[in-house]
There are 2 protein chains.
Amino acid sequence: MTSDDMPRTRAPRADVRRNRARLLAAAREMFLRDGAGASLEGVARLAGVGVGTLYRHFPTRQDLLEALLADAYDALAQRGRELLESPEPRRALLTWLDDFVAAVSEFRGTAPSVLVSLRGERCEAFRSCRAMREAGEALFARAQESGEAPAGVAFLDVLKLAGGIATAAEREPGAAGRLLSLAASGIAPGAASGGSGTAPGESGAAPGEHGTSPGGSGGAPNPFG
Amino acid sequence: MTSDDMPRTRAPRADVRRNRARLLAAAREMFLRDGAGASLEGVARLAGVGVGTLYRHFPTRQDLLEALLADAYDALAQRGRELLESPEPRRALLTWLDDFVAAVSEFRGTAPSVLVSLRGERCEAFRSCRAMREAGEALFARAQESGEAPAGVAFLDVLKLAGGIATAAEREPGAAGRLLSLAASGIAPGAASGGSGTAPGESGAAPGEHGTSPGGSGGAPNPFG
DNA sequence: ACCTGAACACCGTTCAAGT
DNA sequence: ACCTGAACACCGTTCAAGT
């Protein structure tokens, strides 16, 4: 495949790959504990690597975060394609949005970075981010076509709204589902709970195994309804 | 009124009041420029005061921010009471929410602090915050009673959702109105633009004079519809 | 080519000394 | 009683020296 006259991109040295992997693992651990603003020096220390190495691999905190987010984006893209098979367009969309919010909320303080990704600014995880967006967009389009989602709305705005919800629910695990339901039904009459806007939480079907929701929709009973 | 045997709360010295005022003015200026994470040392310097004085007046950054937010909360409470006179319950509610989002977005990165206020944790601006909440809640209740807002929804969740929207729209002035409309109509059929969910932006009537929206609903044409 | 870690810069926070 | 600002602590970032 690779033509001879193009600049040779050699396979990275083994220790480089290993360092990168260690840094990502350490970052994940630190971000889970301390949020997306965790000490980078601490990340390097935990990875057993000099700080310089961290900066060489990931020049900015955003780069590091996005490298982790890329996995989440990939999983969401996959999940979106699966949900496209499900028979209920609207429910599929809302379930996917619920997963999106859960993924964004994995580390505290991630939402702003995700919004940066969505805007496409300097996105280290550009491919993954776009794949995710397209998968979600397909679900949205299908719901629109069957008259179960508003026409004339940009899907990107739906994602931004979901990103905002992720921030708002950050320190309050139970809130994510409620706020998403509220946004889904609208601050509008006839909405209430249990209505057409409620899907998240009991997705039931489909496998997928997220594995890392920071507490899932969490034990506490729904405070309204 | 003040009984003689209660601990005397003397009126603060003139220079203390002046320092406080200077610090607040400086903080406002810095936060406008650099967001809610601006350098506190810079605030003290701009106020022409030692850092120690800043910390004496406002032990934490949250305290400083909330002292500024208190004004915004008071204005919103006032505005809410005015809007209660207006004849269209739903439109009044949405207009108020638009003002809320604008106020929260005045400085970048304020939304998390507002959400803390709403949760009532160590709220320096507790009275103002509660007054604002109650004013908003009255608008919401009226809209519910006339069947123009969902029953069984906690108003606090509506505010949290609006807080999330403020974050999501932070770096993108035009988005606030769009996202709020979207949340108001719901990610639901028959919503589209211009529908029953659209009020913000052209409130037209009522005075109130906010004065400090970071760009208002801003010149740019609405990207959808 | 990559890694290391000391060195530098910056900022938040405290507190002894001043008024 | 309040203010000041030097001193301390911590962390992000760079870069000369090593492998």
Quick one: are [X] and [Y] in side-chain contact, heavy atoms under 4.5 Å?
X        : Y        : result
B:Tyr73  : B:Val114 : yes
B:Glu82  : B:Arg79  : yes
A:Phe100 : A:Met132 : yes

Can you measure [X] atom [atom1] to [N] atom [atom2] for me and round it to whole angstrom units?
X       : N      : atom1 : atom2 : value
B:Asp34 : C:dG12 : CG    : P     : 11 Å
A:Arg17 : C:dC3  : CZ    : P     : 13 Å
A:Leu64 : D:dT13 : CG    : C1'   : 15 Å
B:Tyr55 : C:dC11 : OH    : C1'   : 8 Å
B:Asn19 : D:dC3  : CG    : C1'   : 8 Å
A:Leu65 : D:dG12 : CG    : P     : 13 Å
B:Arg56 : D:dG5  : CZ    : C1'   : 15 Å
B:Leu54 : D:dG5  : CG    : P     : 14 Å

Q. Which distance, rounded to the nearest 0.5 Å, do you find between the CD1 of A:Ile187 and the CG of B:Leu180?
A.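 Answer rounded to 0.5 Å: 6.5 Å.
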Per nearest nucleotide of DNA chain D, the residue lying toward the 5' end, A:Pro59 or B:Val51, is B:Val51
Per nearest nucleotide of DNA chain C, the residue lying toward the 5' end, B:Gly37 or A:Gly48, is A:Gly48
Out of D:dT4, D:dG12, D:dC2, minimum distance to the side chain of B:Val49 belongs to D:dT4
Of all the choices, C:dG12, D:dC3, C:dC3, which nucleotide is nearest to the side chain of B:Arg61 once you look at every atom?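 Closest of the options to the side chain of B:Arg61: C:dG12.
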D:dC10 -> Watson-Crick or G-U wobble partner, both distances under 3.5 Å, gives none
As its Watson-Crick or G-U partner within any shown strand, both distances under 3.5 Å, D:dC15 has C:dG5
Item to complete: Would you tell me if any nitrogen or oxygen in the side chain of B:His57 comes within less than 4.0 Å of OP1 or OP2 on D:dC3?
Response: yes
Quiz item: Between B:Phe155 and B:Trp96, what is the ring plane arrangement, given parallel below 30°, perpendicular above 60°, and tilted in between?
Solution: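 Aromatic pair B:Phe155/B:Trp96 classed tilted.
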Exercise. For B:Ser39, report the nucleic acid contact type (base, sugar-phosphate, nothing); a contact means any heavy atom under 4.0 Å.
Key: sugar-phosphate
